[in-house]
Enquirer: 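What follows is a structure written as structure tokens; I'll ask about it next.
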Amino acid sequence: MAWKIVIAGGGFGGLYAARTLERILPPQSARITLVNDVNFMLYTPLLPGAAAGTLEPRHVVVPLREELKHADLRLGTVVGAAPDHGRLSVRGPEGDLEELAYDHLIVALGSISRTFPIPGLAEHAIGFKTLPEAIALRNRLLRSFEIAEAMEDGREREAYLTFVFVGAGYAGVEGLAELQDFAADAIELYPRCRTSGTRFVLVEARDRIMQEIPRSLAEFATRELRGRGIEIRTGTQLEEVREDSVRLSTGETIPTRTVAWTAGVKPHPAVAELGLPLDGGGRIRVDSYLQVEGRENVWAIGDAAAVPDAAQKYQRPTPPTAQHAMRQGRTAARNVAAATGAGHRRRRFTYKTLGVFVDMGRNQAVAQTLGIRWRGPIAWFLARTYHLLLMPGMKRRTRLVIDWSIGLFFGRDASELGMLGHPPALQGQSSGGTGEEAAGD
Ligand SMILES: Cc1cc2nc3c(=O)[nH]c(=O)nc-3n(C[C@H](O)[C@H](O)[C@H](O)COP(=O)(O)OP(=O)(O)OC[C@H]3O[C@@H](n4cnc5c(N)ncnc54)[C@H](O)[C@@H]3O)c2cc1C
């Protein structure tokens, strides 16, 4: 009999779990099914590059079918589970509901942006967690430049040329820095905007940016960002977002048309529908073997799981990073193999962070690897090399090198292609695909 192993979520954790299972379990002994809502894995560390137009959006994703050998990819959304009966409920692309039976389940559903009930936030702010959001941010910047360029009054232009980022973890800082770098290039094409200049503001509730890295590196990054004219407001909270401004806890109102929300993550809501024990933050409670509390055959990894962190004496959960998720994927796969009696020994998850890279564009970065701190161009080079090596497949690595090289020598493209994938009615569309003629007909 072949074991039925189902993996819910095909991101960093799920893909690495599937690939490890494929390697260690012969196809005749296990039927592996990977369920994901899209047919690719998003390589999030490169998302800021896609937002800034340095990398083509298709070059920051990994098509799952290309990476899987004999595991089955099932496109669908996980909507629930019956752990007592070994079943996972999946809604297919056409809306049909299917019950997948499993002997072992690995949950790797990741996270979404964590928001707070701040007036106007949901209506006016853009997240920075998914590819559509990253591309929307870039398009919003270019669209704002176009609108501002047509305005006679310099004061009116101000809100369109001001960009506010809320949340200064490394993802927020990288996104802001890359986008500001892109704006500095693109504005050369807009003579009126150039005279007004752009304004970038980073708002952070805590006392310093990037709590994830040592203070000295965060201070270096702060100096670098301030040197570029970016305003950093620490110890400050967002109180309200309006269509044309934000209000901060200091009482200040900043005119802006673009607010990017990068203030942390929380587990994907589907996680709460699986009938599994959760911690106070909504993450699935697992032991250091990644086994869900009270369940012999359910495992959870990545941003969706509260995995006891060996680096903190198992007292706190591991941080939500790709480095942890992919390694947890491998460990979970080995432990599942051990549970099926395939000869592997059960292992605890003991990984401690080896390093962290924060790419700030303009050949600047900060990094810490194996206790050594790097900053400036050398850190930037290390960061790019690291992601290049981690990106699966020679084809995709080559594409990254080509994109980066083109960006270095020829600059970036400033077309706004927001309509891609959303064609207008067949009749009367413009060559840009906006379909305005169709509406007027
Ligand atoms: C902008 C940004 C930059 C980052 N940079 C870094 C970095 O430099 N280094 C680092 O270590 N970490 C980084 N991270 C964090 C890293 O991306 C996450 O920690 C990591 O992706 C977690 O892996 P995971 O497998 O738990 O979740 P994910 O990789 O998010 O995978 C979850 C998968 O589940 C799918 N899914 C979700 N819900 C459902 C559902 N209901 N049904 C079916 N499928 C579903 C999703 O589509 C996704 O494919 C960054 C994150 C962001 C947002």
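Order of listing sets the numbers, starting from 1, for every ligand and every atom in it. Every value quoted in this text rests on a predicted model; they were computed, and no experiment measured them. Counting begins at 1 with the first residue of the sequence.
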Enquirer: Which of the numbered atoms in ligand 1 are under 4.0 angstrom from any heavy atom belonging to Gly9?
Expert: 34 (O)
Enquirer: Please collect all ring pair (Phe, Tyr, Trp, His ring centres under 6.0 Å) contacts where either partner lies in residues 204-223, sequence neighbours excluded, each pair once.
Expert: none
Enquirer: For His268, take its heavy atoms, then give the atoms of ligand 1 lying under 4.0 Å from any of them.
Expert: 37 (C), 38 (N), 41 (N)
Enquirer: Among Ala8, Ala108, Pro320, Gly110, whose heavy atom sits nearest atom 15 (C) of ligand 1?
Expert: Pro320
Enquirer: Indicate whether the side chain of His104 and that of Trp299 have a donor and an acceptor atom separated by less than 3.5 Å.
Expert: yes
Enquirer: Need the ligand 1 atom indices (1-based, order shown) with element for anything under 4.0 Å from a heavy-atom of Gly76.
Expert: 42 (N), 43 (C)
Enquirer: As a check for students: among Gly14, Gly172, Gly11, Ala304, identify the option with a heavy atom nearest to atom 31 (O) of ligand 1.
Expert: Gly11
Enquirer: Who's the nearest protein heavy-atom neighbour of atom 23 (O) of ligand 1, and how far?
Expert: Ala325 CB, 3.3 Å
Enquirer: Under a 4.0 Å threshold between the charged nitrogen and the carboxylate oxygen, would Lys395 count as salt-bridged to Glu66?
Expert: yes
Enquirer: I'd like to know if Arg295 pairs up with Asp84 as an ion pair, taking the criterion as any Lys NZ or Arg NE/NH1/NH2 lying under 4.0 Å from an Asp or Glu carboxylate oxygen.
Expert: yes
Enquirer: So, Glu98 and Arg74, do they make that salt bridge, N to O below 4.0 Å?
Expert: yes
Enquirer: Are any of the side-chain nitrogens in Arg215 or Asp207 under 4.0 Å away from the carboxylate oxygens of its partner?
Expert: yes
Enquirer: Looking only at protein heavy atoms, which one is nearest to atom 39 (C) of ligand 1, and how far off is it?
Expert: Leu109 CD2, 3.5 Å
Enquirer: For atom 47 (O) of ligand 1, grab the closest protein heavy atom and report residue, atom and distance to one decimal in Å.
Expert: Asp37 OD1, 2.6 Å
Enquirer: For atom 8 (O) of ligand 1, grab the closest protein heavy atom and report residue, atom and distance to one decimal in Å.
Expert: Pro45 CB, 3.4 Å
Enquirer: Given Phe128, Tyr16, Tyr170, Phe12, which has its nearest heavy atom closest to atom 5 (N) of ligand 1?
Expert: Tyr170
Enquirer: Return the residue, atom name and 0.1 Å-rounded distance of the protein heavy atom closest to atom 25 (O) of ligand 1.
Expert: Gly13 N, 2.7 Å
Enquirer: Distance only, no hydrogens: is a donor on one side chain within 3.5 Å (strictly under) of an acceptor on the other, for Thr318 and Gln328?
Expert: yes
Enquirer: Could you tell me the residue and atom name of the protein heavy atom closest to atom 17 (O) of ligand 1, and the distance to it rounded to 0.1 Å?
Expert: Thr44 OG1, 2.3 Å
Enquirer: With atoms numbered from 1 as shown, which atoms in ligand 1 lie under 4.0 angstrom from a non-hydrogen atom of Ala171?
Expert: 1 (C), 2 (C), 3 (C)
Enquirer: Take every heavy atom of Phe357, measure it against each atom of ligand 1, and state whether any distance is under 4.0 Å.
Expert: no
Enquirer: With heavy atoms of Gly302 as the reference, note each atom of ligand 1 found under 4.0 Å away.
Expert: 26 (O)
Enquirer: Got the closest protein heavy atom to atom 40 (C) of ligand 1, with its distance?
Expert: Val78 N, 3.6 Å
Enquirer: With a 4.0 Å cut-off on heavy atoms, does Met41 reach ligand 1?
Expert: no
Enquirer: Show the atoms of ligand 1 that are less than 4.0 angstrom away from any heavy atom in Lys129.
Expert: 53 (C)
Enquirer: Less than 6.0 angstrom separating the ring centers of Tyr160 and Phe145, yes or no?
Expert: no
Enquirer: Give the atoms of ligand 1, by number and element, whose distance to some non-hydrogen atom of Gly10 is under 4.0 Å.
Expert: 33 (C), 34 (O), 49 (O)
Enquirer: Identify whether the distance between the nearest side-chain nitrogen and carboxylate oxygen of Glu219 and Arg223 falls below 4.0 Å.
Expert: no
Enquirer: What do we get for Gln323 next to ligand 1 when only non-hydrogen atoms under 4.0 Å count, side chain, backbone, both or neither?
Expert: both
Enquirer: Nearest non-hydrogen contact with atom 22 (C) of ligand 1 belongs to which option: Leu88, Asp303, Asp359, Leu390?
Expert: Asp303
Enquirer: For atom 10 (C) of ligand 1, grab the closest protein heavy atom and report residue, atom and distance to one decimal in Å.
Expert: Ala322 N, 3.3 Å
Enquirer: Between Glu99 and Arg87, does any NZ, NE, NH1 or NH2 come within less than 4.0 Å of an OD or OE carboxylate oxygen?
Expert: no
